[in-house]
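Residues: numbered from 1 along the sequence shown. In this text the structure is predicted, and so the values were computed from the model without any measurement.
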Amino acid sequence: MGKRSFEVRISEDTSETKPDSQGPILASFQGVSPPQDVGFRTYKNANGRRSMVVGENPRVIYESNEFTTEQSSEYLVAIYNKKTNSVTFSSVPVIDLVPIPKRIKMEEPKDSIKHVDFIMEKTALDKEFGSKKAQAKILARERGNIDASQVHNVDKIVANIEENVKTMKTKEKIKADMESSRPIPPHDIRAIKVTDVYNMDDIVTPAEFDAIPVASVLNAKHESRRLSLLPFKSSKYVNSRLFISLDAKNVNLKRIRLLLYINYLMAFKSVSHDVLNNRQEMATNMNGLPDIILTNLYDRFTETTFVKSGGRKKYKMTPKAEEKLLCYMFTLCLILDDFRLDPEPLACDLGLTTKRVHNLFKALGCKIIPINKQEIESLGLKISQAKGIKRAVLTVPLKLPEYKDRRIKN
């Protein structure tokens, strides 16, 4: 099939360069396409020149700004004439057609229209001849403007907003949710005595506490044997207290169980991700810890997901879960040490910064204060040597820091 060839003549139509001529018009609808049933007409002023373009249907009116003789355009529209087989490039004015719902148009009082016209004229003058400060103010104001004429289904939007407002949480509900999301154990904010702030049964259930195997530790007479029975062997905090308690004339079983449980928490925190997801290996690492204790450690301090293939459970100690474990552990340490302790050994045992440990104790309601004169003397230190040594002290009335649901700073 042969190719067709034809000749096209191209010329510039200089008669269409003026805004008052009867040529085409290029319209911008601000990104919103007009309905198909809108008819547009060009209106002329008394001199017979094009003045503005208006379109409407039963619901909306489109109006353009008036044409001005100073209006310039950088657009050319190519018009192909089949009869003469020619393409004419015509310079055209560009107008903005803004949709205005008829309901708003009818409700708009005449005085407000005059006022709006005055503001628009003043703004135009300021844009053209105003100072830089005035122009900056106009730009800032226009950025924040919402063009109501561009908003469709206003009634539906308002109804949705009202419905959302009804279901919005109250300030008290938000505060209660934030309180419940703290990583600390349940607490009594109205407690008068520090011993009543935290209840140990909320941290370790009585069934778990009774299941802690103390017999083997009690029967071990040598330090090396005692260490071999602990899942976390390098804790100076636990070991120093545990060995003293085991060698005491009157053995305090509650204190020994408490120290062993703190040791379990340290061991649980230190395991790798792979060990965490291998229950059998975890039980071995924890020196045959009773299942009731190990199960509750998983339930409290890990988050569970399911592997797609096979639906197997996968455990992860998230940063938030780790914070919870540390706060529960430090609460037990406070109970053990009569609510006043040196946080530094715990920082060393767990490989945490002193700042993070201090912040965790503050999250529990503790104050971080310098050691007192009596403690300095018991440690055999001079006052100059005790500078920088701190104590975490739980006080009442309990004052918890403002908590935002984010990780406590290191």
Side-chain angles (χ1 to χ4, degrees), residues 185 195 198-302 313 315 317 321-322 324-339 341-352:
T195 52
Y198 295 103
N199 184 351
M200 200 171 76
D201 289 350
D202 293 326
I203 304 169
V204 191
T205 64
E208 287 177 273
F209 200 70
D210 292 340
I212 295 172
V214 293
S216 56
V217 178
L218 289 171
N219 293 329
K221 301 303 179 184
H222 300 289
E223 187 173 302
S224 58
R225 174 58 182 161
R226 292 168 178 172
L227 281 174
S228 68
L229 296 170
L230 301 177
F232 192 82
K233 297 173 174 50
S234 58
S235 172
K236 291 182 180 178
Y237 176 86
V238 171
N239 296 349
S240 60
R241 289 161 175 75
L242 180 61
F243 298 158
I244 291 172
S245 298
L246 289 170
D247 293 333
K249 190 174 181 179
N250 297 316
V251 176
N252 186 332
L253 289 179
K254 182 179 178 180
R255 182 176 176 84
I256 292 171
R257 281 195 170 96
L258 194 52
L259 283 163
L260 289 174
Y261 192 84
I262 293 170
N263 191 272
Y264 300 155
L265 291 175
M266 290 180 172
F268 194 78
K269 177 192 174 299
S270 65
V271 297
S272 67
H273 176 74
D274 290 338
V275 173
L276 189 67
N277 281 281
N278 187 326
R279 189 65 176 261
Q280 187 176 354
E281 190 175 349
M282 174 62 98
T284 303
N285 273 32
M286 300 294 285
N287 282 7
L289 192 66
D291 189 65
I292 184 175
I293 299 175
L294 189 57
T295 298
N296 282 328
L297 291 178
Y298 272 97
D299 291 344
R300 289 192 194 104
F301 307 121
T302 64
K313 276 187 179 181
Y315 300 99
M317 186 179 291
E322 183 187 72
K324 182 179 179 182
L325 183 148
L326 291 170
C327 285
Y328 275 55
M329 181 197 303
F330 291 170
T331 305
L332 293 177
C333 293
L334 285 168
I335 294 171
L336 186 74
D337 289 350
D338 295 326
F339 307 98
L341 58 80
D342 179 6
E344 196 60 35
L346 289 167
C348 294
D349 288 348
L350 298 165
L352 305 174

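Between Leu265 and Leu297 there is a side-chain heavy-atom pair separated by less than 4.5 Å. Between Met266 and Leu346, some side-chain heavy-atom pair lies under the 4.5 Å cut-off. No side-chain heavy atom of Pro231 sits less than 4.5 Å from a side-chain heavy atom of Asn285. Side chains of Val251 and Leu246 form no contact here, defined as non-hydrogen atoms less than 4.5 Å apart. Using a 4.5 Å heavy-atom threshold, the side chains of Leu230 and Leu260 count as touching. Side-chain contact between Leu352 and Leu326: present, with at least one pair of heavy atoms (C-beta onward) separated by less than 4.5 Å.
To the nearest 0.5 angstrom, Leu229 atom CG is 7.0 Å from Asn287 atom CG. A distance of 13.0 Å separates CD in Glu208 from CZ in Arg257, rounded to the nearest 0.5 Å.
Sequence neighbours left out, not one pair with a member in residues 211-260 passes ring pair (Phe, Tyr, Trp, His ring centres under 6.0 Å). Applying the ring pair (Phe, Tyr, Trp, His ring centres under 6.0 Å) definition to pairs two or more places apart or across chains, those involving residues 261-291 are Phe268-Tyr298.
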message: Before you tell me yes or no, could you show the steps for Leu294 and Arg279 under side-chain contact (heavy atoms from CB on, under 4.5 Å), namely the whole-Å CA-CA distance, both residues' side-chain angles and the distance that decides it to 0.1 Å?
response: CA-CA 9 Å; Leu294 189 57; Arg279 189 65 176 261; 3.5 Å; yes
query: Would Ile292 and Asn296 count as a side-chain contact (heavy atoms from CB on, under 4.5 Å) if you check the C-alpha gap in whole Å, the side-chain angles of each, and the deciding distance to 0.1 Å?
result: CA-CA 6 Å; Ile292 184 175; Asn296 282 328; 4.0 Å; yes
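For Asp247, the salt bridge (Lys or Arg N to Asp or Glu O under 4.0 Å) criterion is met by Arg226, not counting sequence neighbours.
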